[in-house]
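Below you'll find the structure, written out as structure tokens, and then a few comments.
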There are 2 protein chains.
Amino acid sequence: MKIGQATIKDIAKALNVSSSTVSRALKDYPGISDETKRKVKELADKWNYRPNAVALSLRKSKSFTIGVIIPEVVHFFFSTVISGIEEVAFMHGYNVILCQTNEKLKREISSVETIISNQIDGLLVSFSKETTNFDHFKRLIEQHYPVVFFDRIPNLENSVNITVNDYQGAFDATKHLISQGYKDILHLAGPRNLDISKNRMNGYMDALKEAEMPVKPHRIIECPEGVQEESFKICAKVFKEQDRPDAIFANNDMAAAGAMRGVKSLGLKIPEDVGVVGFSNWQFSSMVDPPLSTVSQPGFKIGERATQLLIEMIEQKGDEPFTPKLEILETELLIRGSSVR
Amino acid sequence: MKIGQATIKDIAKALNVSSSTVSRALKDYPGISDETKRKVKELADKWNYRPNAVALSLRKSKSFTIGVIIPEVVHFFFSTVISGIEEVAFMHGYNVILCQTNEKLKREISSVETIISNQIDGLLVSFSKETTNFDHFKRLIEQHYPVVFFDRIPNLENSVNITVNDYQGAFDATKHLISQGYKDILHLAGPRNLDISKNRMNGYMDALKEAEMPVKPHRIIECPEGVQEESFKICAKVFKEQDRPDAIFANNDMAAAGAMRGVKSLGLKIPEDVGVVGFSNWQFSSMVDPPLSTVSQPGFKIGERATQLLIEMIEQKGDEPFTPKLEILETELLIRGSSVR
DNA sequence: ATCGTAACCGCAATCGTTTGCGACAATGTG
DNA sequence: CACATTGTCGCAAACGATTGCGGTTACGAT
């Protein structure tokens, strides 16, 4: 009365047939009598037979499992991406193995090792802030191993990438602030080695240029950590000066939230004295006071689309290399209280 | 010049030895000459040999993988738990397979199936809101399959459980409101079939009793969804009446946030007119206005501890059943602006 | 010359499943 | 009656690694 671990061999022995017969009977192969099929299926059902996925993986060198390498799980954007990944993977019968790098390169490399030795069918990657050398991914791509980069994408030949239009999002956000009459917009920038930070900064700068407003280097301040305290301190200082900005475009909502606190701590009012726009539409942004205007990234969609692409690659027959790709999903500017006066 | 997929056989063939010799040489078994060991290791290194984890799983019926079944990934509390799980699993050389149920029983059952057929070594479970029948878990436990329930724990014989002291957290929160002079405290309760909701409600009621305040049934309103709009509407209505409460203890922060908006929409002031305390310390709760007092649950710790317990169970030799357990972690009341006048 | 004894290594089974090929019987055909 | 055909099924190899047991050398001892 085995449960969940009866094997084909057990069934074969009990019915006095060979494992091949059982295997074929279960899949309705021709060449097996109806009588045998019936008996096999009956017993398989009774014993609650489930094929051993590990044996199948070994035999077929396919595990129906995809790996996800992600900087952090506790992050609203990434968790929505994971959710999208999980949905599509589940629909297609794939499992998801999760590796969190905590923004550490070493951990990322070790995760790639794990992935390889576990016969995982493909990989979804958003690399860590520390990652500047991509050899560990390059090797995979050269071997035609299915990899899709999302959000943070590398500059690698023949890679498949999906990201959001950070440039446009930043452009729209900045333009919106300008249209609201703000004249001196501070940009709280992200880590310099991430393309997404650069793109957002460029969007910011181009929006200023388009409006024929000066791009002042001292109005771009890097917030490498992206935590609240960082931007709080920066703004508490910058906005105390005589010649202060009258608006903020932040690289992400967390920085924007810290900035809002910093500005408020000086007695300045949002949005009357200072307009603020963030990036990513974190869960809290609609709940702060005033509600934070932000650029929403389609996290769930990214996860979905990245997984679709990956599964297509996995299931593509033959040995041809994958066609390199770069898909860019559009952002959406959510205008709320923090930037409308 | 294979990379990442050289097998023992390949090495054996290249060196004209048997696979057994290669296997033994790589693990420094006695009975292999130093010369052979050297050659084997050299080639293994050159070819970047990595043992095939799938083959190992099959041979040893152990996969060094643990499964996590969780209602939702996009949820601050659960994402911190996942993070804790991932940390400890990684430290011990285990992989993490993630299954999100989206609060659906059907999906949960299907995930359990997957887990079984994938030879996964053990399971961490927080079940869905729909789950009232636990047969799919019961079977596992009866087979002495390692399972640890966390946060939402079932009433099952011989199960291993870890959760937080919801009762005490709710008790503390309510007592705090009372000590601030609030006289009529509304409880926005959670789904009735979850023990955690019941425990929180009991904590609320006992705190009232201890203060010799009446427990009024109409001051306990269920918010099964736990989304903002739900509690927003409820509070926008309840607080419009003449005989209105003067404080709110919510089953979670999301409900509390909606409640705050509902109360504010009527022109009432927090904390002067109405005090509010939430539960879970979601990321946004310190950023709303005023900052939300809440009960913080040690999500990361739960994940860590649950995984430790699970790995101990997995690595416990022998067939003895696991000793049932119930570990309760303490919560911490975070007093912020929403409840101090 | 014979035997014992290390030292070193290979054979083959095993984990559970799939699958090409061949075996055997029953049946039909000439 | 001899042969081909069809319907059923089993054998064995394969996936990659491990491991008990046995085999082959070379060496020294008797």
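Since the structure is predicted, the reported quantities are computational estimates derived from the model, not experimental observations. Numbers restart at 1 for each chain; the letters A, B, ... are given by sequence-line order, proteins then strands.
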Nearest whole Å is fine: how far is [N] [atom2] from [X] [atom1]?
X	N	atom1	atom2	value
A:Asp10	C:dC15	CG	C1'	12 Å
B:Lys13	D:dG16	NZ	C1'	12 Å
A:Lys62	D:dA14	NZ	C1'	19 Å
A:Glu35	D:dG7	CD	C1'	15 Å
A:Leu26	C:dT17	CG	P	9 Å
B:Lys37	C:dC9	NZ	P	10 Å

Nearest-nucleotide 5' precedence on DNA chain C, B:Ser18 against B:Ser61: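 That would be B:Ser18.
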Upstream residue (5' side of DNA chain C) when B:Val17 and B:Leu58 are each assigned their closest nucleotide: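 Comparing both residues, the 5'-ward one is B:Val17.
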Pairwise ring-ring contact (aromatic ring centres under 6.0 Å, His included) hits with a residue in residues 80-116 of chain B, at least two apart: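 Pairs touching residues 80-116 of chain B that pass the test: B:Phe64-B:Tyr94.
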pair B:Phe134-B:Asn155: side-chain heavy atoms closer than 4.5 Å: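 Result no, sub-4.5 Å side-chain heavy-atom pair not found.
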A:Leu124 side chain near A:Thr307 side chain, heavy-atom distance below 4.5 Å: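 Counting from C-beta outward, A:Leu124 and A:Thr307 do come under 4.5 Å.
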Gap between atom CZ of B:Phe127 and atom OG1 of B:Thr101 - 0.5 Å precision: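 Answer rounded to 0.5 Å: 11.0 Å.
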Sugar-phosphate, base or nothing in reach of B:Asp34, heavy atoms under 4.0 Å: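 Answer is nothing: B:Asp34 stays at 4.0 Å or more from every strand.
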Sugar-phosphate only, base, or nothing, as touched by B:Thr36 at under 4.0 Å among non-hydrogen atoms: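 Sugar-phosphate contact only.
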Proximal nucleotide (of C:dC15, D:dG10, D:dT8) relative to the A:Ser33 side chain: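 The closest nucleotide is D:dT8.
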Between A:Phe149 and A:Phe137, ring centroids under 6.0 Å: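 Ring-ring flag for A:Phe149/A:Phe137: true, centres closer than 6.0 Å.
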Aromatic plane relationship, A:His75 with A:Phe77 - under 30° parallel, 30 to 60° tilted, over 60° perpendicular: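 Perpendicular: the ring planes of A:Phe77 and A:His75 meet at over 60°.
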Residue pair B:Thr36, B:Ser33: steps toward the side-chain hydrogen bond (donor to acceptor under 3.5 Å, both in side chains) verdict: CA-CA 5 Å; B:Thr36 309; B:Ser33 69; 2.7 Å; yes
Where protein sits on nucleotides 17-28 of chain D, one letter per nucleotide: B base, S sugar-phosphate only, - none, heavy atoms under 4.0 Å: BBBB--------
